[in-house]
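Order of the sequence lines sets the chain letters (A, B, ...), proteins ahead of strands, with each chain counted from 1.
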Amino acid sequence: MLLVDLVRERFAAALNQMGLDGTSLSQRVTAVRDTQFGDYQANLAMSLTKQLGIQDPMQIAQDIVQRVDLSGLCEPAEIAPRGFINLKLKNSTISKALNEVAQSNRLAVHPVAKPRTYVVDYSSPNVAKPMHVGHIRSTVIGDAIAKILKFLGHKVITDNHLGDWGTQFGMIIYGYKHFLDPAAFAADPVPELSRLYRVVHQLIDWQSTEKELPKTKLAVEKAEEKLAKVQAEFGAVAATDKKAKRSIEDAQKELKNHQEKLKKLEDTTEARKQQPDLSSACDKHPDLETRVLQETAKLHAGDAENKALWDQFLPLCLESIHHIYDRLDIQFDMELGESYFHNRLGPLVQRLLDNGMAKISEGAVCVFLNGFEVPMLIRKQDGAYLYATTDLATIEYRVETFKPDAILYVVDHRQGDHFSKLFATAKQIGYDQLELNHVSFGTVLGKDGKPYKTRSGSVVGLEPLLDEAIERAFQVVESLPIPTEEKREVAQTVGLGAIKYADLVHNRTSDYVFDLEKMVRLDGHTSAYIQYSYARTCSILRNAGISMSEPIAPEVDFVLDHSAERTLALMLLKFEEVLLHVTNDYMPNLLADYLYDVSKSYSSFFEQCPVIKAETEALKQSRLALCQLTGRTIKQGLELLGINVVDRM
RNA sequence: GGUGCCAUAGCUCAGUUGGAUAGAGCAACGGAUUUCUAAUCCGUUGGUCGGGGGUUCGAGUCCCUCUGGCACUACCA
C-alpha cells in the first residue's frame with residue numbers, strides 16, 4: 001500500500017466521524033509541494049468552511065487534527081496559517097517501508113488489483129520509406145508505456161501496425177519499373193528502393209509545383225487587389241476604427257501567405273533546374289501521381305506482377321527496419337501491418353452497409369456521425385478502401401482476438417481529427433465499452449522551431465543520429481581505464497539512452513526541439529547523469545563487497561538523521577506512486593523526471609554521507625542499503641523507459 | 001471560414017484532482033577536490049506565468065475575451 005494512502009486512511013476515519021465523506025475528502029492529503037512544510041499536507045480545512053458553517057479554517061483544522069489518529073505513522077500534525085495541516089512521517093515508518101522495498105524483487109510495487117488488457121499500437125512506420133527522427137517519439141513513448149503497464153500487472157499486447165500496403169508501395173513499384181538501377185539493386189536492394197521512393201516523390205512534388213504555380217500567382221494578384229481595395233475603403237479610418245484596421249491586417253496577412261507559398265514554389269522550380277536528368281524524367285512521366293495510384297490499385301486488386309514485386313520488396317524493407325529496432329532494443333509482440341487486414345475490408349464494409357450503419361453517398365460508402373460535419377469515408381467512389389477502413393478492421397480483429405479493455409494509439413497529434421472520427425465510428429458501430437485512446441505527441445522540431453529537417457529540406461535519417469550519439473559518448477568514455485570492448489558497450493548504452501531519454505523527459509503533448517548536442521552532453525538533465533548515479537551506487541557496493549540484487553540483511557534499521565538520507569529515502573518510496581501516476585494519463589515523462597530526482601537526491605547524499613567510512617557499523621549498513629535501493633530503483637526505472645545501465649562509466 | 005493545441009527565466013523545458021514564497025537544466029558568476037567515480041556537489045543572479053476580465057478562501061492550472069503561433073479541415077496515409 002502506498003504511504004500516502006496509509007495517511008489518507010487515518011484522515012478518512014476522522015472525517016467520517018465528523019459526518020463528512022472521508023474517502024473522497026482524504027484524497028486531499030498529498031505530498032507537500034515545498035519540503036519545508038514536512039512530508040504531506042492536508043488541504044481540507046479551508047474548503048470546508050461553508051459545508052460546516054464554520055468561518056475560521058483554523059478551527060476546522062484543529063477539529064480534524066484532534067480527531068485524526070496518526071500514532072505509529074506520523075509525528076504530531078501541525079497547523080499552519082490559512083488552515084493547512086502539515087504532516088511529517090516518523091522515521092520508523094520510513095524505515096519499515098524501505099525494508100519492504102528491500103525484501104521485494106519488484107521494489108514493493110504491487111500488481112494492480114484490477115488488471116486490464118491493453119493493446120498498444122506504436123511505432124507503425126511506413127516500411128518503404130526510410131525511417132527518420134520523427135519515428136523515435138512513437139517508438140520510444142509507446143515502448144515505455146507498454147513496459148510500465150506490464151510491470152504494474154496489466155496484460156499488454158504491443159503491435160507495430162506497419163504501413164505496408166499503401167501508396168508508398170505504388171511509388172516504389174512504379175520507380176522499380178521505370179527508374180531502377182539494376183546494379184545498385186543487386187548490390188544492396190534497400191538503399192536502392194529508398195532512392196526510388198525519393199525519386200518518385202520528388203517528381204510528384206515537381207508536378208504539383210507546376211500545377212500550383214499559376215494558381216498561386218493568380219492568388220497573389222487577387223490578394224494584392226483585395227489589399228488595395230480594402231486600403232482604399234478603410235485606409236482613412238484605420239487609425240481609429242479597430243474593425244477597419246483588422247480588415248487591412250487580414251488582407252496583408254493573406255497576401256503574405258500567398259507570396260510565401262509562391263516563393264517556395266519558385267524555389268522548388270529553381271532547384272529542379274539543377275537536376276536536368278530528373279527534370280526530363282519528370283516531363284516523360286506526366287501525371288505521375290495518378291500512375292502511382294494505379295500501381296497501388298493494381299496491387300490491391302491482386303495484379304500478379306505487382307504482388308510479386310511487393311512479395312519481393314516487403315521482406316527486404318522489414319529486414320531494414322528490424323535492424324533499426326535491434327539497435328534501439330525494441331521488440332513487439334506482433335507486427336500486423338495494414339496488408340494483414342486487407343481481406344477483412346470488403347466484408348466489413350458490406351456488413352456495415354447491410355446493417356444500415358453505413359450509407360452510400362456520392363458513390364462512396366460513408367458512416368455518418370453525430371457531432372461531426374463530415375462523415376467517415378470507408379470506401380472511395382472508385383471502390384478502393386481507406387486508412388480508416390483498415391483501422392476499423394484492425395479494431396475488429398483486436399477485439400475478436402484479445403478482448404482488450406483498451407487500445408492505445410501512440411501517434412502524433414496531427415492525426416487527432418482522424419482518431420476522434422475513428423473512435424466515434426467505432427463506438428457507433430458497437431464498440432462502446434472499449435477505451436480507445438489516442439496517446440498523441442507533439443512534433444520534433446529543429447532549432448529553427450520548424451519540423452526537424454536537414455538544411456536541404458529532407459528529413460533526417462534515424463541511423464546517422466544513433467551513430468553520432470554513440471560516437472560522442474565514446475569520445476567521453478575514451479579516457480576511462482577500462483577495456484576498449486567495455487568502452488564500446490558503455491558508449492552504446494549512454495548514447496542510445498541519451499536519445500531515448502531526451503524524448504521521454506518532455507511532456508509528450510508538447511512539441512520539442514531536437515538538439516543532439518544537448519542530449520549527449522552528459523551533464524545536466526540527461527540520462528547519462530542518471531546512469532552515472534547508478535554506476536556510483538555500483539561502485540560503492542563493489543568496494544563493500546555487496547551484490548546489487550541480494551538484500552544486505554533480513555532487516556535493516558535505517559538511520560535517517562541526516563536530511564540527505566531522509567530525502568533520498570522518501571524519494572525511493574515514491575516509485576510505485578509515480579508508476580501509477582504515469583499510467584493515469586500515459587505520461588512517461590513523470591517517470592523520467594522522477595529518476596532524475598532520485599539521482600539528484602543520491603548525488604547530494606553521496607557528497608554528504610560517507611558510506612563505507614560511516615562512523616558506526618549500523619550507519620554503514622543503513623547507507624549501504626540506501627545505495628543498493630537507489631541502484632535498484634534507477635535500474636528498474638530506466639529499464640521501464642527502455643534504457644539500460646552499466647556498472648561503471 | 002470551422003475545429004483543436006500552444007504561449008512559464010536569456011535559451012530548452014517541467015509544473016500532479018486549483019493550495020502556502022512558481023521550479024529544473026543550460027548559459028553567467030562565486031565556492032568545494034589528501035574523493036566510497038568531479039560525467040559531482042553547494043551557493044548567487046535571473047519571472048507583470050502573452051494582455052484583460054471572471055469563478056474561488058486560494059488560479060500558471062478552471063471559464064470568457066483579446067493578441068500571437070502551430071496543426072487539422074471527407075474520397076492520402
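One interatomic measurement links the two molecules: CZ of Phe605(A) to P of C41(B), which rounds to 15 Å at whole-angstrom precision. To the nearest angstrom, P of A20(B) lies 8 Å from CZ of Arg82(A).
Residue Lys600(A) places no side-chain N or O under 4.0 Å from the OP1 or OP2 atom of A24(B). The side chain of Asn86(A) places no N or O atom within less than 4.0 Å of a non-bridging phosphate oxygen (OP1 or OP2) of A20(B). In terms of phosphate contacts, Asn43(A) brings no side-chain nitrogen or oxygen within less than 4.0 Å of OP1 or OP2 of G18(B). Taking 4.0 angstrom as the limit, Asn126(A) places none of its side-chain polar atoms (N or O) nearer than this to OP1 or OP2 of C76(B). Put simply, Lys380(A) has no side-chain N or O that comes within less than 4.0 Å of OP1 or OP2 on A74(B). For A14(B), one of the phosphate oxygens OP1 or OP2 lies less than 4.0 angstrom from a side-chain nitrogen or oxygen of Ser510(A). Put simply, Tyr529(A) has no side-chain N or O that comes within less than 4.0 Å of OP1 or OP2 on A24(B). Taking only side-chain nitrogens and oxygens, Tyr532(A) comes nearer than 4.0 Å to OP1 or OP2 of A39(B).
Of the charged side-chain nitrogens involved, none lies within less than 4.0 Å of a carboxylate oxygen, so that Glu78(A) and Lys88(A) do not count as a salt-bridged pair.
Comparing C75(B), C41(B), A14(B) against the side chain of Ser604(A) picks out C41(B) as the nearest.
For Gln415(A) and C72(B), a side-chain-to-base donor-acceptor distance below 3.5 Å is absent, hydrogens and geometry of angles not being considered. The base of G15(B) is not paired with the side chain of Arg33(A) by any donor and acceptor separated by under 3.5 Å.
Both cation-pi conditions hold for Arg536(A) and Phe606(A): the charged atom is under 6.0 angstrom from the six-membered ring centre and inside a 45 degree cone around its axis.
The aromatic ring of Phe84(A) sits over the base of A20(B), with ring centres less than 5.5 Å apart and planes inclined by under 30°.
When only modelled atom types and interatomic distance are considered, Tyr387(A) and Gln415(A) share a side-chain donor-acceptor pair under 3.5 Å. Judged by distance alone, the side chains of Ser339(A) and Asp164(A) do bring a donor and an acceptor atom under 3.5 Å apart.
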